[in-house]
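Atoms within a ligand are numbered from 1 in the order they appear, just like the ligands themselves.
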Amino acid sequence: MSTTAPYTVPGETGDWEIVVGLEVHAQVTAKSKLFSGAAASFGAEPNTQVSLVDAAMPGMLPVLNGECVRQAVRTGLALDAQIHRFSRFDRKNYFYADLPQGYQISQLYHPIVGEGYLDIEPDGEAPTRVGIERIHLEQDAGKSVHDGHATMTYVDLNRSGCALMEIVSKPDLRSPAQAGAYVRSLRSLLRYVGSCDGNMEEGSMRADVNVSVRKAGDPFGTRTETKNVNSVRFVMATIELEARRQVDVLEAGGTIVQETRLFDPDRMETRSMRSKEDAHDYRYFPDPDLLPLTLTEDFVDECRASLPELPTAKRARFEGALGLSRYDAALLTAEHETASYFEAVIGGTGPTQAKAAANWIMSELFGVLKKRGVPIEKSPVSPRQASELLGMIATGKISNTIAKQVSEIMLETGDDPETIVDKRGLSQVSDTGAIDAAIGEILATNPDKVADYRGGKDKLFGFFVGQTMRAMAGKANPAVVNERLLALLAG
Ligand code: ADP
Ligand code: MG
C-alpha cells in the first residue's frame, strides 16, 4: 500500500489544507422540460423550443414532468441517498434578462433527495467517500448570447425551463485530484443511470466550486463560490488558483470575503463577480401554482427496479467472477458503453475469454478509437466480430501473431475475421507435410548451424523456430513446429 501525503498549499506560516464542496448542475435527460411540453434537446435553432410557459406569458401554469421526477429519484437511489416522500417547489426571485419569469422554480426547503454518498478513487491519492448533502430539481434559465451582434445581446430561451438536478456535495473534498475524481465518477454514474448525458461541452453538466482553506485542525474557513465551471480540468484549476489566492490573502493578514467568483480559463484566474447573496435575498416562497410532490412506495420501488447494474457492483463482478485485475475492471467499467461492449464480446466467447477480451479491447481497440477520435459505440469492429476473432485464437485456427495482423485489418476495414483469414489464406498450418518441407529447406541451407546444434549448442533451437515461422509467414502452428524441429534436428 502506498501512503499518499495529504494535499496542502504551502505558505509562509506553514501548510494550509483545502476544503471543497461542489454543487453540480446536471441537465435531466427527458424529452420535454420540467414544467412544459416543449422539447428539451440541445442544439436547435434559437427560440424554436419555447412554450408559452417557458416564455412566462401571463396566466400560464406549470405542469410537473413525471419523467424528470423519476430521473431525480433514480439518481438519488444510485447515490444511496434518502428519497423524500414529500418535497415542494419554491420560487427563487431574481431578475435576469434570460429569466422571463423573474424567478426560478427550485426546491430550497424540501428537496426531493436527501443525504447519500459517492466513493471515489483519485489519481495518485487514497480512495475516499464523499458525502452528498441533497439533490433538488429546478428549472434552467435561458441563454444570453453576447457575441451575435456588435452592440446588442440576444436571448435564446430554448434552455429556459429545462430540468436540472442540483447535486450538492458535503464539504468533504480535500484536493483538486479528489474534486476531479468526484466529478468524473458522478458523470459516469449519471450516464449509467441515464439521468443525464454528462456532456460537459454542451453544458449538460457544470459545477459551482466552493473553496476555503484552513490550518489543519482549525474550523472551516470562509469560502468563495466559483460559478459554472464546465470541465473536470477547469474544476481542478479553479481549486488550485482559488486556494493559492486565499492563502496569499490570509498570509498577508487579510480576510476572505464570502463571494461569488468567475473562472477565466484564458487568463487562468478567478475574479470576483458579486458579494455572496443569502437565501433571504431571493425571497424564496412555496410556488402557489404547484402542489407539493408526494411519492408512493410503489413509485420509488419501480425507480429502484429500473436501475441498471451500477459501476461499483459491475467492477466487483468483473474482478470476482471474471477474474480481471483491479486495474482492468476499473478501466472497463469507467464508462457504461465500454462495459457494454466488453460484456457483449464475452457474451459471444463465454467467460473463459474474459481476460483475452479485456486485453484485446485495451491494447488493440482503444488505441485505434483514440487515434480516430471515435467512441466505442461507433467502433469499426462490432462485439460479435471481436468474439469471433478471440474464438479463432482460442481454437487454434489462427496463431497469436496472425491474430494481431487480422485484428489490424479488421479495425481498418471492418470485415469479419473469417473473411479476412479465408481471403488472405491466414489459417494456421498444422499440416506436418508443409512444415517438414520448410524445415528441410532451412536445415539444408544452414549446415554449420545444424552441426553446432548437434554438437551441443542448444540455444540455436530458437533460431530454427524463428526461421521456420518466417518461412511459413507466421502461419505455422508453433506446437507442431517445435515437435517437428526436435525430431528432424535429432537427425
Ligand atoms: P449555499 O446554499 O449558500 O450555497 P450550502 O450550505 O448549501 O450553501 O453549501 C453549498 C456548498 O458549499 C456545498 O457543496 C458545501 O459542501 C460547500 N461548503 C460549505 N461550507 C464550505 C466551506 N467552508 N468550504 C468549502 N465548501 C463549503
Ligand atoms: Mg450555492
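Residue L22 approaches ligand 1 through these ligand atoms, each under 4.0 Å from one of its heavy atoms: 14 (O). Residue S169 has at least one heavy-atom neighbour below 4.0 Å for each of these atoms of ligand 1: 13 (C), 14 (O), 15 (C), 16 (O).
A search for side-chain hydrogen bond (donor to acceptor under 3.5 Å, both in side chains) contacts involving T238 returns nothing, not counting sequence neighbours. With sequence neighbours excluded, no residue forms a side chain to side chain contact (heavy atoms under 4.5 Å, CB included) with T352.
Close N/O approach between G221 and ligand 1 is found [any backbone or side-chain N/O within under 3.5 Å]. No N or O atom of V168 sits closer than 3.5 Å to an N or O atom of ligand 1.
Side-chain contact check for W16 and E251: at least one donor-acceptor pair (N or O, by modelled atom type) lies under 3.5 Å.
Ring to ring, F89 and F35 are close: their centroids are under 6.0 angstrom apart.
Looking at D208 against ligand 1, nothing comes within 4.0 Å, counting heavy atoms.
For atom 12 (O) of ligand 1, the nearest non-hydrogen atom from the set I167, I132, N210 comes from N210. Between the choices R223, E225, Q258, the shortest heavy-atom distance to atom 27 (C) of ligand 1 belongs to R223.
The closest donor-acceptor contact from the side chain of D140 to the backbone of S160 lies at 3.5 Å or more, if one exists at all.
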